[in-house]
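Worksheet for the structure shown next.
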Amino acid sequence: MSKPTTPAESAQLKDIVAHAKEYGFVFQSSEIYDGLAAVYDYGPNGVELKNNLKRLWWEAMTQLHGNVVGIDAAIFMEPRTWEASGHVAGFNDPLIDNLDSKKRYRADVLVEEKAAEYEKAGDPARGAALTAELGRLLTENDLAGVKQLIIDEKITCPISGTAKWTDVRQFNLMFSTQGSAVDSDAPPVYLRPETAQGIFVNFLNVQKSARMKIPFGIAQIGKAFRNEIVARQFIFRMREFEQMEMQFFVRPGTEGEWYDTWKAARRRFHEALGLPAEKLRFHDHDKLAHYAKAAVDIEFEFPFGFKEIEGIHSRSDFDLTQHQNLSRKKQQYFDNDLDPATGKPYGNYVPYVVETSVGADRLFLATICQAFQEETITEGEGEAQTTKQRTFLKLHPAVAPIKAAIFPLVRKDGMPEKAQEIFDSLRFDFRLVIEDKDAIGKRYTRQDLIGTPFCIVVDGQTLEDDTVTVRDRDTREQTRMPISALRGYIGEAVSFRRVFEKL
Ligand code: GAP
């Protein structure tokens with residue numbers, strides 16, 4: 001159970017949301033019309049950061065593993081896909097309305113928040129008992145029982161303050177739209193709620209065309225859509241979001257080992273990106289999704305508590321078997337490796353699947369929350385000593401939107417031309433920016449705020465000996481070096497290799 005948010009933690013999230021807007025990372029969607037709830041747009045710096053995170057994940061999957069290949073499946077799928085996957089019948093949240101405020105809530109979230117209150121008030125046993133009871137009722141789909149729990153616990157609406165509740169009912173989270181322009185009776189087409197099914201239905205296409213041998217994986221990055229009832233906490237829970245999923249197809253009986261392998265590998269990925277070990281934890285699911293045999297979340301400690309950023313699921317042969325049954329197309333693999341027990345090939349089977357599924361937006365939020373730093377800097381000595389506050393984004397250089405900013409010290413004496421020369425010589429390698437307005441200190445501040453790891457200053461000495469100073473974002477130290485050394489120096493710091501070597 002996550003701990004309740006303290007005022008200081010909410011203030012920190014507010015600062016991050018404001019920072020993300022002001023410096024071009026994340027904007028509310030259609031803001032000029034007062035926004036659309038739980039939908040967000042990424043700005044010029046945000047899209048670079050997000051693309052870097054996605055590229056890092058993609059290469060970590062498909063380049064570092066010879067047995068993982070990628071696909072890019074469509075968002076729309078034949079509607080029977082979602083019957084087979086269980087989403088039409090089972091992808092629901094229990095919702096409840098307050099009759100006075102007319103506000104809608106997730107019934108399970110109301111109870112979980114009550115349990116968190118008990119924990120905060122020093123009665124964790126009561127909180128745990130309440131969570132366990134909720135788990136039991138949901139597993140038994142006893143919605144009347146969930147309503148009774150809300151009444152017994154005297155849970156009131158935070159807006160109206162009353163306990164006048166409707167019955168609890170299941171609400172399907174899939175968005176649908178009209179699929180056919182000519183047949184108005186045609187079944188609705190869903191906007192996919194997970195990217196995984198695009199992988200399952202292509203299992204044999206990929207296996208045959210890429211000549212993959214089990215064990216192998218199929219990776220995909222793409223949009224997913226869920227009509228979330230509780231849409232809060234900025235980009236943590238969105239209605240339109242992006243997933244980075246990998247389905248790893250294995251021989252039945254080996255799924256336990258692969259589950260452990262991927263669980264450890266995925267945690268290493270987050271640590272290699274700079275999320276500290278003490279802010280990451282595993283959380284085993286108490287209530288398993290309809291497809292899962294075992295499931296664990298990797299949680300990150302956001303300003304609003306430990307919350308899921310990635311799920312690792314052992315999905316057995318559930319999805320492929322369901323698709324096989326509904327489509328009447330065999331989803332089998334012929335394994336000609338020899339079974340040591342019989343000395344014969346393992347033969348035909350429906351593979352088991354271990355899935356890793358991380359939200360690109362949640363990884364983005366975790367990255368920016370971790371990077372957001374405020375520090376007090378002391379400058380000068382004795383009476384001349386001053387202190388000031390500095391805010392900066394301590395992003396891993398590999399994912400920073402801009403890798404280096406080039407500053408001509410003054411806008412004359414050939415310095416702007418030299419800065420342009422450096423820009424032109426490095427632009428094939430790195431995303432750079434030239435900044436020539438304001439005092440150097442202000443320019444450093446602007447780059448700190450968007451997480452640029454290096455600032456290169458072109459000064460009088462540059463014109464004489466082709467050297468520049470390079471200022472490090474984190475230490476604020478300046479090093480003088482030849483222009484010819486910049487490519488190697490920046491390249492080493494920002495390379496994906498530095499992340500990959502830790503995996
Ligand atoms: N295919 C399995 C699957 O979709 P999930 O736990 O429902 O599993 C996987 O989702 C990941 O997708 C989550 O760990 C989270 O990072 C991301 N995610 C899910 N719902 C989201 C939402 N409404 N907004 C943003 N990210 C979401």
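Bear in mind the structure is a predicted one, so any value in this text is a computation, not a measurement. One-based numbering, in listed order, for ligands and for the atoms of each.
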**Prompt:** Between G70 and T62, which heavy-atom pair has the shortest distance, and what is it?
**Reply:**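 Heavy atoms only, the tightest pair is N-CG2, 4.0 Å.
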Show me a pair-per-line table, with atom names and distances to 0.1 Å, of protein N or O atoms that are under 3.5 Å from an N or O of ligand 1.
{"from": "ligand 1", "atom 1": "1 (N)", "to": "E194", "atom 2": "OE1", "distance (Å)": "2.6"}
{"from": "ligand 1", "atom 1": "1 (N)", "to": "E245", "atom 2": "OE2", "distance (Å)": "2.5"}
{"from": "ligand 1", "atom 1": "1 (N)", "to": "R315", "atom 2": "NH1", "distance (Å)": "3.4"}
{"from": "ligand 1", "atom 1": "1 (N)", "to": "E355", "atom 2": "OE1", "distance (Å)": "3.4"}
{"from": "ligand 1", "atom 1": "1 (N)", "to": "E355", "atom 2": "OE2", "distance (Å)": "2.8"}
{"from": "ligand 1", "atom 1": "4 (O)", "to": "R226", "atom 2": "NH2", "distance (Å)": "2.9"}
{"from": "ligand 1", "atom 1": "4 (O)", "to": "Q243", "atom 2": "NE2", "distance (Å)": "3.0"}
{"from": "ligand 1", "atom 1": "6 (O)", "to": "E308", "atom 2": "OE2", "distance (Å)": "3.1"}
{"from": "ligand 1", "atom 1": "7 (O)", "to": "R226", "atom 2": "NH1", "distance (Å)": "2.8"}
{"from": "ligand 1", "atom 1": "7 (O)", "to": "R226", "atom 2": "NH2", "distance (Å)": "3.1"}
{"from": "ligand 1", "atom 1": "10 (O)", "to": "Q243", "atom 2": "NE2", "distance (Å)": "3.4"}
{"from": "ligand 1", "atom 1": "12 (O)", "to": "Q243", "atom 2": "NE2", "distance (Å)": "3.3"}
{"from": "ligand 1", "atom 1": "14 (O)", "to": "E308", "atom 2": "OE2", "distance (Å)": "2.6"}
{"from": "ligand 1", "atom 1": "14 (O)", "to": "I309", "atom 2": "O", "distance (Å)": "3.4"}
{"from": "ligand 1", "atom 1": "16 (O)", "to": "I309", "atom 2": "O", "distance (Å)": "2.8"}
{"from": "ligand 1", "atom 1": "16 (O)", "to": "G359", "atom 2": "N", "distance (Å)": "2.9"}
{"from": "ligand 1", "atom 1": "20 (N)", "to": "R226", "atom 2": "NH1", "distance (Å)": "3.4"}
{"from": "ligand 1", "atom 1": "23 (N)", "to": "E228", "atom 2": "OE2", "distance (Å)": "2.8"}
{"from": "ligand 1", "atom 1": "23 (N)", "to": "M238", "atom 2": "N", "distance (Å)": "3.4"}
{"from": "ligand 1", "atom 1": "23 (N)", "to": "M238", "atom 2": "O", "distance (Å)": "2.8"}
{"from": "ligand 1", "atom 1": "24 (N)", "to": "F236", "atom 2": "O", "distance (Å)": "3.4"}
{"from": "ligand 1", "atom 1": "24 (N)", "to": "M238", "atom 2": "N", "distance (Å)": "2.9"}

**Request:** Run the salt-bridge test on E299 and R281 with the 4.0 Å N-O cut-off and return the result as yes or no.
**Result:**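 A salt bridge is present here (some side-chain N lies under 4.0 Å from a carboxylate O).
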**Message:** I'd like to check the side chain to side chain donor-acceptor pair (under 3.5 Å) partners of R446; sequence neighbours left out, ordered by chain and number.
**Reply:** E435, D438
**Request:** Give the ring-plane orientation class for F200 versus H323, where under 30° counts as parallel, over 60° as perpendicular and anything between as tilted.
**Result:** tilted
**Message:** When you compare the side chain of F248 with that of E355, does any pair of heavy atoms fall below 4.5 Å?
**Reply:**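 Counting from C-beta outward, E355 and F248 never come under 4.5 Å.
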**Message:** As a quick check of understanding, evaluate salt bridge (charged side-chain N to carboxylate O under 4.0 Å, His left out) for D97 and R104, giving each step before the final call.
**Reply:** CA-CA 4 Å; D97 293 84; R104 180 163 287 179; 3.0 Å; yes
